Amino acid sequence: MTATLGTTSTTKTPDLGPAVELVSKEEGHRQPLAPEFVSAEDFSPLEVAYDFGRVRREDIEAGPKNIWRYKKLLPVPSNVEEIPNTEPGATRLIRADRLAKELGLKRVWVKDDTGNPTHSFKDRVVAVALAAAREFGFEVLACPSTGNLANATAAAAARAGWRSVVLIPKTLERAKILTTAVYDGDLIAVDGNYDDVNRLATELAAEHPKWAFVNVNVRPYYSEGSKTLAFEVAEQLGWRIPPQIVVPIASGSQLTKVDKGFRELGQLGLVDASPYKVFGAQATGCSPVSAAFRAGHDVVQPVKPDTIARSLAIGNPADGPYVLDIVNRTGGAIEDVSDEEVVEGIRLLARTEGIFTETAGGVTVATAKKLVETGKLDPDAETVLLITGDGLKTLDAVENHVGPKAILPPSAAAVNEALGY
């Protein structure tokens, strides 16, 4: 097994801001910054280690209204905001009182990441991956994707003037296929599920040294982009960490980096290092991490996905074991919900707060409801729900559940009668 898939040579020392090296997640082996994702020493995932120096709230608050206000906390060049990019981030944090009442919670905040350039949180991670890939001398931006990442990669490459190569399962939602193809990159539909597509991407990364697969050979940098969700939530709450947060689980990377972001803010003194609990949300049709949590296991058994929540349909989640570690360490929990509950979660958020989320958000809302009902979420503790994608991407999930209340002639009398007036 090699830890250097897709490595490309560079004649300069990469400018990756405060990032100083890579460290293996299992045994802490350290190595220089490079486009590598697995430690050759212990074969565990690599992540970025930093020397942050002094970081002040006022410096962050004076920064641009996007994720680059946190560039001193990310593995990106010091001039990252000056290079053409999609400028993701700075999305809404909404106080959701009507949803809170429906869920039986005292205070709920919804982090609405549908406002990103391609309408999902994936714009964050891709922007960081592209910035790092440029420093390492790559020339093509690529990815295997369940949909949102495909959109974000194709758009970011177009904005940067790069070629893109995007691999997707052929069964992906039609809307996500179209909203990737429109950027005119190389979109390849594969006859298989996401795990098949991911294996193919790993093989191609080894064959094409100039291709930066954002979630393969530059994965350590890509995944750091999810920390910006934690940074924004804390800043928008007045520089404090919420006591409870519910995060959807696909590969598990987002949950692990939200936790890392909160911990870094505490270590730097940007927030009080107060305790918090992290909760994970999965769809029952692809719930290997939830099943492992329920069984008390520290390993995750792969499954074959079968759920409408395709953006979470990763049957062999790379960061599953680390999700279990974090949830157990923080005193949280992981639950899963049926496809019927997912649809109701989508509709509940829409009718209470006017936010139309894709199926992943339906999983988050429905799981929060289940966590309250099972006594795992504290109803009196302030809770943040991460809504990571727009409902316009997964219209097929609700098309048989919503529609006109009536079809009537153009008559006021007919309308009044139908409405009971």
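By convention here, the first residue in the shown sequence is residue 1. Below, each value reflects all heavy atoms present in this structure, side chains not excepted, and no hydrogens, waters or symmetry copies. These numbers come from a predicted model, not from an experiment.
Annotation: the span from E173 atom CD to I177 atom CD1 amounts to 8.5 Å, rounded to 0.5 Å. Once rounded to the nearest 0.5 Å, the distance linking CG of L392 with NZ of K176 reads 11.5 Å. Note: Y194 OH to N316 CG = 10.5 Å, rounded to the nearest 0.5 Å. L74 CG to I67 CD1: the interatomic distance, rounded to the nearest 0.5 Å, is 6.5 Å. From I168, atom CD1 reaches atom CD1 of I188 across 9.0 Å, with rounding to the nearest 0.5 Å. Atoms CZ and OG1, on R347 and T352 in that order, are 12.5 Å from each other to the nearest 0.5 Å.
Side-chain contact, S44 with D42: a donor N or O sits under 3.5 Å from an acceptor N or O. A donor and an acceptor atom, one from each side chain of T118 and D123, are located under 3.5 Å apart. Remark: the K393 side chain and the N151 side chain contain an N/O donor-acceptor pair separated by less than 3.5 Å. Side chains of N198 and D195: a donor-acceptor N/O pair is absent below 3.5 angstrom, by distance only. Q282 and S287 are not linked by any side-chain donor-acceptor pair at a separation below 3.5 angstrom, with hydrogens and angles left out of the test. Side-chain contact, D390 with T114: no donor N or O sits under 3.5 Å from an acceptor N or O. In summary, the side chains of K122 and Y222 do present a donor paired with an acceptor at a separation below 3.5 Å, with no hydrogens or angles considered. Side-chain polar atoms of E358 and N148 form a donor-acceptor pair below 3.5 angstrom. R124 and T91 are linked by a side-chain donor-acceptor pair at a separation below 3.5 angstrom, with hydrogens and angles left out of the test. Side-chain atoms of E61 and W239 form a donor-acceptor pair, as typed in the model, at a separation below 3.5 Å.
Taking 4.5 Å as the limit, some side-chain heavy atom of D15 sits within range of a side-chain heavy atom of S78. Between Y221 and L33, some side-chain heavy-atom pair lies under the 4.5 Å cut-off. When side chains are defined from C-beta on, Q236 counts as touching K111, because their heavy atoms get closer than 4.5 Å. Between V165 and H208 the shortest side-chain heavy-atom distance does not fall below 4.5 Å. When side chains are defined from C-beta on, T388 counts as touching Q254, because their heavy atoms get closer than 4.5 Å. I249 is not listed as a side-chain neighbour of L312, based on a closest heavy-atom distance of 4.5 Å or more. When side chains are defined from C-beta on, Q267 does not count as touching F52, because their heavy atoms never get closer than 4.5 Å. A 4.5 Å side-chain heavy-atom check between I60 and V55 finds at least one atom pair inside the cut-off.
With hydrogens and angles ignored, the 3.5 Å screen pairs a side-chain donor or acceptor of T146 with a backbone N or O of S311. Checking side-chain atoms of D272 against main-chain N and O of S274 turns up no donor-acceptor pair under 3.5 Å. Using modelled atom types, one side-chain atom of T364 and one backbone atom of A360 make a donor-acceptor pair closer than 3.5 Å. Proximity of a side-chain donor or acceptor of T153 to a complementary backbone N or O of A150 within less than 3.5 Å is not detected. Within the 3.5 Å criterion, the main-chain N or O of D319 finds no donor-acceptor partner in the side chain of T256. Between the side chain of D196 and the backbone N or O of V190 there is no donor-acceptor pair closer than 3.5 Å.
Counting heavy atoms of neighbouring residues, nucleotides and ligands inside a 6.0 Å radius, atom NZ of K277 does not exceed 12 of them. Within a 6.0 Å radius of CD1 in I407, no more than 12 heavy atoms belonging to other residues, nucleotides or ligands are found. Atom NZ of K72 sits in a sparse spot, with 12 or fewer heavy atoms from other residues, nucleotides or ligands closer than 6.0 Å. Within 6.0 Å of CG on D186 lie more than 12 heavy atoms contributed by other residues, nucleotides or ligands. By the neighbour-count criterion of 12 heavy atoms within 6.0 Å, atom CG of D191 is sparsely surrounded, having that number or fewer from other residues, nucleotides or ligands.
R92 has no carboxylate O lying under 4.0 Å from a charged side-chain N of E232, or vice versa, which leaves the two without a salt bridge. D259 has a carboxylate O that lies under 4.0 Å from a charged side-chain N of R329, or vice versa, which qualifies the two as a salt bridge. Residues E36 and R219 are not paired through a salt bridge, judged by the lack of any N-O separation under 4.0 Å between the basic side chain and the carboxylate. Ion pairing of R240 with E382 is present here, as a side-chain N (NZ or NE/NH1/NH2) and a carboxylate O approach within less than 4.0 Å. Salt bridge R98/E353: absent, no basic N to carboxylate O contact under 4.0 Å. A salt bridge does not link E235 with R57: none of the charged nitrogens is closer than 4.0 Å to a carboxylate oxygen. A salt bridge links R310 with D396; the closest basic N to acidic carboxylate O contact falls under 4.0 Å. The existence of a salt bridge linking D97 and R95 is confirmed by a sub-4.0 Å separation between a basic side-chain nitrogen and an acidic carboxylate oxygen. Between D380 and K106 no salt bridge is recorded (no basic side-chain N to carboxylate O distance below 4.0 Å). Note on R294 versus D336: salt bridge recorded, some NZ/NE/NH1/NH2 to OD/OE distance being below 4.0 Å.
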* **K369 vs E341, salt bridge (Lys or Arg N to Asp or Glu O under 4.0 Å): CA-CA, chis, key distance, verdict** => CA-CA 10 Å; K369 183 174 185 291; E341 291 171 304; over 6 Å; no
* **Test log, rule side-chain contact (heavy atoms from CB on, under 4.5 Å), inputs W109 and L237** => CA-CA 9 Å; W109 297 89; L237 287 175; 3.7 Å; yes
* Asked: Where do V342 and I308 land on the side-chain contact (heavy atoms from CB on, under 4.5 Å) test, with the steps shown first?
  -> CA-CA 8 Å; V342 172; I308 62 170; 4.1 Å; yes
* To do: Begin with the C-alpha distance, continue with both residues' side-chain angles, and end with the deciding distance and a verdict on side-chain contact (heavy atoms from CB on, under 4.5 Å) for R54 and R56.
  => CA-CA 7 Å; R54 187 185 183 198; R56 304 183 304 168; 3.4 Å; yes
* Stepwise side-chain contact (heavy atoms from CB on, under 4.5 Å) test for W162 and E139 -> CA-CA 7 Å; W162 284 35; E139 298 173 356; 5.6 Å; no
* Could you go step by step and tell me if Y322 and E47 meet the side chain to side chain donor-acceptor pair (under 3.5 Å) rule? -> CA-CA 12 Å; Y322 306 109; E47 68 174 9; over 6 Å; no
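V128 approaches G225 most closely through the heavy-atom pair CG2-CA, 3.8 Å. Of all the heavy atoms in A156 and L141, the pair that sits closest is CB-CD2, 4.2 Å. When every heavy atom of L324 is checked against every heavy atom of V300, the shortest pair comes out as CD1-CG2, 3.9 Å. Of all non-hydrogen atoms in S39 and S24, the two that sit nearest each other are CB-CB, 3.5 Å. Taking each heavy atom of V271 and A234 in turn, the nearest pair found is CG1-CB, 4.2 Å. Closest approach of P88 and P117 over heavy atoms only: CA-CD, 3.8 Å.
Taking the ring axis of Y70 as reference, the NZ or CZ atom of K227 does not stay both within 45° of it and closer than 6.0 Å to the ring centre.
Between F262 and F231, the distance from one ring center to the other does not fall under 6.0 angstrom.
Under the 30°/60° scheme for interplanar angles, the aromatic rings of F213 and W211 are found to be tilted.
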